[in-house]
2 protein chains.
Amino acid sequence: MSEPKNNHDTRERILDVAERLFMEHGYEGTSMRVITTAAEVNLAAVNYHFGSKEALLCAVFRRRLGWLNRERLQALDVLEAQAGGAPLKPSQILEAFFGTLLRMGEDESRGGMTFLRLLGRTLTEPAEFIRTFFANEYAEVIDRYKLALFRALPDVPKAEIVWRLHFMLGAMSYAIAGTDVLRVVTGCELGDLAGEQNADAAGDSALARRLSQRLMPFLLGGLRAPLSNLAAPSAAAPESPGEGGQKPEV
Amino acid sequence: MSEPKNNHDTRERILDVAERLFMEHGYEGTSMRVITTAAEVNLAAVNYHFGSKEALLCAVFRRRLGWLNRERLQALDVLEAQAGGAPLKPSQILEAFFGTLLRMGEDESRGGMTFLRLLGRTLTEPAEFIRTFFANEYAEVIDRYKLALFRALPDVPKAEIVWRLHFMLGAMSYAIAGTDVLRVVTGCELGDLAGEQNADAAGDSALARRLSQRLMPFLLGGLRAPLSNLAAPSAAAPESPGEGGQKPEV
DNA sequence: AACTAGTTCAAACGTTCGTTTAAATACTAG
DNA sequence: CTAGTATTTAAACGAACGTTTGAACTAGTT
């Protein structure tokens, strides 16, 4: 029977610490020694429990992404059931995809903002094994949402939708990674998007909500923007946000 | 009397190779030994000419960013002179900021897409010295453009503009980095945004133009999106891009 | 008590890292 | 040509890396 007793303790403690340290210093910038020291376990524990450093990173993500993927697919299922065959609204799709993620930032038991920041940062890491890991892990979800967007925007060329999905992922992952130049330059006007060490759960939760509130309208505006006039690159669109309709040329 | 003639040859060759390798494998993932081997110079050459690996990365960026910063400031100067005191249009500002950058992707003598990808990737690197380097390097330009956007969108709260500038930088840097999950999942439908080794100059140039054409409308749409209804997170905005005016509540 | 399987531990493994050294070579000025 | 500076070279440095080892410890079973 034998639930190995401390096994779970050690494993979880390693995962928690690795999640935070990978978030703060990146994969290559975090050594096994600082991980095991911070987790107060032996140096060999990572290799014993996970096999390798690469496998540890994958385990860190698997612990969270399984739930996230299920949640995202289920959110889409619910929406499509409600719609009864009709195409969904773009805002519903974005809310299901990005809202589900951003709500993880408010839930400390799902990793909170620590995991969100790690995810955002890791999505841009160049290491090959990371890219293929994410590709496999995300394939089904991305595909479902891509198709939902195709149905929601039947008049927009599919290539254009894929591009914009691309841009939206970038805006999101950069925003949640929260380690950028702008914040340094502007002096943290956004309300401490970084906060490497404070890790106040209440503050993080508030940050996640604020981020969601700002990001979703931006993404929706970008997704629904008029298509570029492919022939003439110069613009003729209305300018002020307060001012007019989007050009209905899409 | 064979190839190694003078210091300029060595320095430039190191910079060229480092630019490409840092782009492909990241800063921490690229060793001095592979750099010097690929550049066909002695291992000690980097430390002799640049002082350290960190200083090399900074030199790689300084070689390009000086020109880019000047170009961006000048573009804004021209626009403001033409406007004669009147606020600029958001599309003009975005064109000056992002268009200037994306045009570097078409210009091989300015680093082309290699430099753009490196820039996008490096903007999300966690190393401290990189962040402070960029903060110093970008401070003046970001500040000028921030103020221009404040003037262009007087009815939008400044904090909101900063957030959206943030999101736009993210969408751009992710898009030009071009190493993401979506492309793997969708099977390069976007037309080979990555191309680690092909490095076809003509293809890169075409890619830069295509990217610009897709990205700019997205950014403009996001920037000009209606503000979120801060009280009620649920939406009441028109959905299809082809369909209606933006809510003029901003 | 002895056996077994799971886990922890200190120590060491072989590599690779960025950097430094000091001699050798190339170049330039007087 | 010579003196002197600038650059290149091969070799080595110590530190840090991820991983492996084999013994010690823990607990449940017989």
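Basis for what follows: all heavy atoms, side chains included, without hydrogens, waters or symmetry-related copies. Protein chains get the first letters and strands the later ones, always in sequence-line order, with residue 1 at the start of each.
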Undergrad: Apply the test salt bridge (Lys or Arg N to Asp or Glu O under 4.0 Å) to residues R121(B) and E24(B): give CA-CA distance (whole Å), side-chain angles for both, the deciding distance (0.1 Å), then the verdict.
TA: CA-CA 9 Å; R121(B) 188 167 282 185; E24(B) 287 175 5; over 6 Å; no
Undergrad: Can you tell me the distance, in whole Å, between the CZ atom of R11(B) and the P atom of dT8(D)?
TA: 11 Å
Undergrad: For the residue pair Y138(A) and F134(A), does the interplanar ring angle fall in the parallel (under 30°), tilted (30 to 60°) or perpendicular (over 60°) class?
TA: parallel
Undergrad: For the pair F61(A) and F133(A), name the ring-plane relationship: parallel under 30°, tilted 30 to 60°, perpendicular over 60°.
TA: tilted
Undergrad: From CG of L57(A) over to C1' of dG18(D), roughly how many Å is that when rounded to an integer?
TA: 15 Å
Undergrad: Check the distance between dC17(C)'s P and Y27(B)'s OH and give it to me in whole angstrom.
TA: 13 Å
Undergrad: Whole Å only: how far is the CD atom of E28(A) from the P atom of dA16(D)?
TA: 18 Å
Undergrad: Among residues at least two apart in sequence or on other chains, which ones pass salt bridge (charged side-chain N to carboxylate O under 4.0 Å, His left out) with R110(B)?
TA: D107(B)
Undergrad: Between P on dA26(C) and CG on D9(B), what's the gap in Å once rounded to a whole number?
TA: 16 Å
Undergrad: Report the distance from atom OH of Y48(A) to atom C1' of dA24(D), rounded to the nearest whole Å.
TA: 14 Å
Undergrad: Describe, in one word, how the ring planes of F218(A) and F218(B) are oriented to each other, choosing from parallel (under 30°), tilted (30 to 60°) and perpendicular (over 60°).
TA: perpendicular
Undergrad: Starting at atom NZ of K53(A), determine the distance to atom C1' of dT20(D), rounded to an integer number of angstrom.
TA: 17 Å
Undergrad: Write down the distance between CZ (R13(B)) and C1' (dT8(D)), rounded to a whole number of angstrom.
TA: 12 Å
Undergrad: Side-chain N or O of S31(B) versus OP1/OP2 of dT16(C): is the shortest distance under 4.0 Å?
TA: no
Undergrad: The criterion is salt bridge (charged side-chain N to carboxylate O under 4.0 Å, His left out); which residues satisfy it with E19(B), sequence neighbours excluded?
TA: R63(B), R64(B)
Undergrad: Can you pull out the residues from residues 36-45 of chain B that lie within a 4.0 Å heavy-atom distance of DNA chain C?
TA: L43(B), A44(B)
Undergrad: Looking at every non-hydrogen atom in both residues, tell me the closest pair between T114(B) and M23(B) and how far apart they are.
TA: O-CG, 3.6 Å
Undergrad: Hey, which of these two, M32(A) or R33(B), hits DNA chain D nearer its 5' end, going by closest nucleotide?
TA: R33(B)
Undergrad: Look at T10(A) and dT7(C) and indicate whether a side-chain polar atom (N or O) is within less than 4.0 Å of OP1 or OP2.
TA: no
Undergrad: Kindly say if H49(A) contacts the phosphate of dG6(C), meaning a side-chain N or O under 4.0 Å from OP1 or OP2.
TA: no
Undergrad: Between dT19(D), dC17(D), dT19(C), which nucleotide gets closest to the side-chain atoms of S52(B)?
TA: dT19(C)
